[in-house]
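Not measured: the values here are computed from a predicted model.
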Amino acid sequence: MTAIDEIKSRLASLQPQSIDIRDDSALHAGHEGVKGGGGHYQLTLVSARFRGLNLPARHRLVYDALRPMMQSSIHALAIKASTPEEP
(Lines give C-alpha, C1' and ligand atoms only; values in the text may rest on other atoms or scores of the structure.)
Protein backbone atom coordinates (compact mmCIF):
# COMPACT_ATOMS: atom_id res chain seq x y z
CA MET A 1 0.00 0.00 0.00
CA THR A 2 1.40 3.40 -0.96
CA ALA A 3 1.45 6.33 1.45
CA ILE A 4 -1.31 8.02 -0.56
CA ASP A 5 -3.45 4.87 -0.35
CA GLU A 6 -2.92 4.75 3.40
CA ILE A 7 -3.78 8.45 3.78
CA LYS A 8 -7.02 7.89 1.86
CA SER A 9 -7.84 4.84 3.95
CA ARG A 10 -7.26 6.68 7.23
CA LEU A 11 -9.32 9.67 6.09
CA ALA A 12 -12.28 7.46 5.13
CA SER A 13 -13.58 7.96 8.68
CA LEU A 14 -14.26 11.61 7.74
CA GLN A 15 -16.58 10.41 4.97
CA PRO A 16 -15.00 12.60 2.28
CA GLN A 17 -17.16 13.75 -0.58
CA SER A 18 -13.94 14.37 -2.49
CA ILE A 19 -10.30 13.93 -1.70
CA ASP A 20 -7.21 14.94 -3.64
CA ILE A 21 -3.68 14.22 -2.48
CA ARG A 22 -0.62 15.52 -4.27
CA ASP A 23 2.81 14.13 -3.45
CA ASP A 24 5.32 17.00 -3.54
CA SER A 25 8.17 14.97 -2.05
CA ALA A 26 10.33 15.22 -5.18
CA LEU A 27 10.33 19.01 -4.82
CA HIS A 28 12.01 18.62 -1.43
CA ALA A 29 14.82 16.24 -2.36
CA GLY A 30 17.66 16.52 0.13
CA HIS A 31 15.42 17.93 2.87
CA GLU A 32 15.96 16.27 6.25
CA GLY A 33 12.38 14.98 6.48
CA VAL A 34 12.65 13.29 3.10
CA LYS A 35 15.94 11.65 4.09
CA GLY A 36 14.08 9.98 6.95
CA GLY A 37 11.45 8.64 4.56
CA GLY A 38 8.73 11.20 5.26
CA GLY A 39 6.93 12.71 2.31
CA HIS A 40 5.53 16.17 1.60
CA TYR A 41 1.85 16.16 0.65
CA GLN A 42 -0.90 18.60 -0.27
CA LEU A 43 -4.38 17.47 0.74
CA THR A 44 -7.69 18.89 -0.43
CA LEU A 45 -10.59 17.31 1.41
CA VAL A 46 -14.32 18.07 1.17
CA SER A 47 -16.48 16.60 3.90
CA ALA A 48 -19.79 17.36 5.56
CA ARG A 49 -18.03 16.47 8.84
CA PHE A 50 -16.39 19.92 8.70
CA ARG A 51 -19.71 21.77 8.98
CA GLY A 52 -19.73 24.12 11.96
CA LEU A 53 -16.01 23.65 12.62
CA ASN A 54 -13.39 26.37 12.37
CA LEU A 55 -10.16 25.79 10.46
CA PRO A 56 -8.07 24.56 13.44
CA ALA A 57 -10.79 22.05 14.39
CA ARG A 58 -10.94 20.76 10.81
CA HIS A 59 -7.18 20.33 10.70
CA ARG A 60 -7.27 18.58 14.07
CA LEU A 61 -9.70 15.98 12.67
CA VAL A 62 -7.34 15.35 9.75
CA TYR A 63 -4.24 15.16 11.96
CA ASP A 64 -6.01 12.83 14.41
CA ALA A 65 -6.85 10.46 11.56
CA LEU A 66 -3.27 10.56 10.22
CA ARG A 67 -1.41 10.62 13.55
CA PRO A 68 0.21 7.17 13.12
CA MET A 69 1.74 8.35 9.84
CA MET A 70 2.93 11.78 10.99
CA GLN A 71 6.20 10.57 12.52
CA SER A 72 7.14 8.23 9.71
CA SER A 73 5.67 8.45 6.22
CA ILE A 74 4.41 12.07 6.38
CA HIS A 75 6.90 14.84 7.08
CA ALA A 76 4.82 17.80 5.87
CA LEU A 77 1.14 18.14 5.11
CA ALA A 78 -0.64 21.16 3.63
CA ILE A 79 -4.39 20.90 4.22
CA LYS A 80 -7.36 22.52 2.53
CA ALA A 81 -10.45 21.27 4.38
CA SER A 82 -13.88 22.47 3.31
CA THR A 83 -17.55 21.56 3.47
CA PRO A 84 -19.51 20.69 0.30
CA GLU A 85 -21.09 24.16 0.40
CA GLU A 86 -17.77 26.01 0.41
CA PRO A 87 -15.81 26.84 -2.75
Side-chain angles (χ1 to χ4, degrees):
M1 175 182 289
T2 68
I4 289 178
D5 291 335
E6 186 174 355
I7 291 169
K8 287 180 179 180
S9 176
R10 290 183 177 280
L11 292 174
S13 64
L14 298 180
Q15 301 168 334
Q17 201 170 67
S18 70
I19 186 169
D20 181 58
I21 305 167
R22 189 173 78 204
D23 184 348
D24 289 338
S25 300
L27 301 174
H28 301 274
H31 185 268
E32 284 302 314
V34 175
K35 289 179 185 175
H40 289 67
Y41 300 94
Q42 288 197 31
L43 169 67
T44 302
L45 181 65
V46 177
S47 174
R49 296 276 311 272
F50 296 141
R51 284 188 185 119
L53 299 178
N54 63 20
L55 189 60
R58 294 174 185 196
H59 284 207
R60 209 169 10 260
L61 283 177
V62 171
Y63 283 121
D64 286 348
L66 299 178
R67 188 166 317 284
M69 299 180 72
M70 293 305 297
Q71 299 301 317
S72 57
S73 49
I74 298 174
H75 174 72
L77 181 64
I79 302 170
K80 180 178 180 199
S82 58
T83 67
E85 298 80 22
E86 296 171 335

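Put simply, Y63 and I21 are part of the same group of oily side chains (I, L, V, M, F, W, Y) that touch within less than 4.5 Å, one to the next. In terms of hydrophobic clustering, with Ile, Leu, Val, Met, Phe, Trp and Tyr side chains grouped at heavy-atom distances under 4.5 Å, M69 and L14 are assigned to a common cluster. L43 is connected to M70 through a chain of hydrophobic side-chain contacts under 4.5 Å among Ile, Leu, Val, Met, Phe, Trp and Tyr, so both are in one cluster.
D24 CG to H40 NE2: the interatomic distance, rounded to the nearest 0.5 Å, is 8.5 Å. The CD1 atom of I4 sits 10.5 Å away from atom CZ of R22, with the distance rounded to the nearest 0.5 Å.
The shortest distance between side-chain heavy atoms of T2 and D23 does not fall below 4.5 Å. Side-chain contact check for V62 versus F50: some heavy-atom pair is nearer than 4.5 Å.
The two residues S73 and Y41 have their closest heavy-atom pair at O-CE1, 3.7 Å.
For R51, the side chain to side chain contact (heavy atoms under 4.5 Å, CB included) test picks out A48, T83, P84, E85, with sequence neighbours left out.
Partner of L66 under the side chain to side chain contact (heavy atoms under 4.5 Å, CB included) criterion, out of I79, L11, L61: L11 alone.
Within the structure, side-chain hydrogen bond (donor to acceptor under 3.5 Å, both in side chains) pairs that include any residue of residues 7-20 comprise E6-R10 (at least two apart or interchain).
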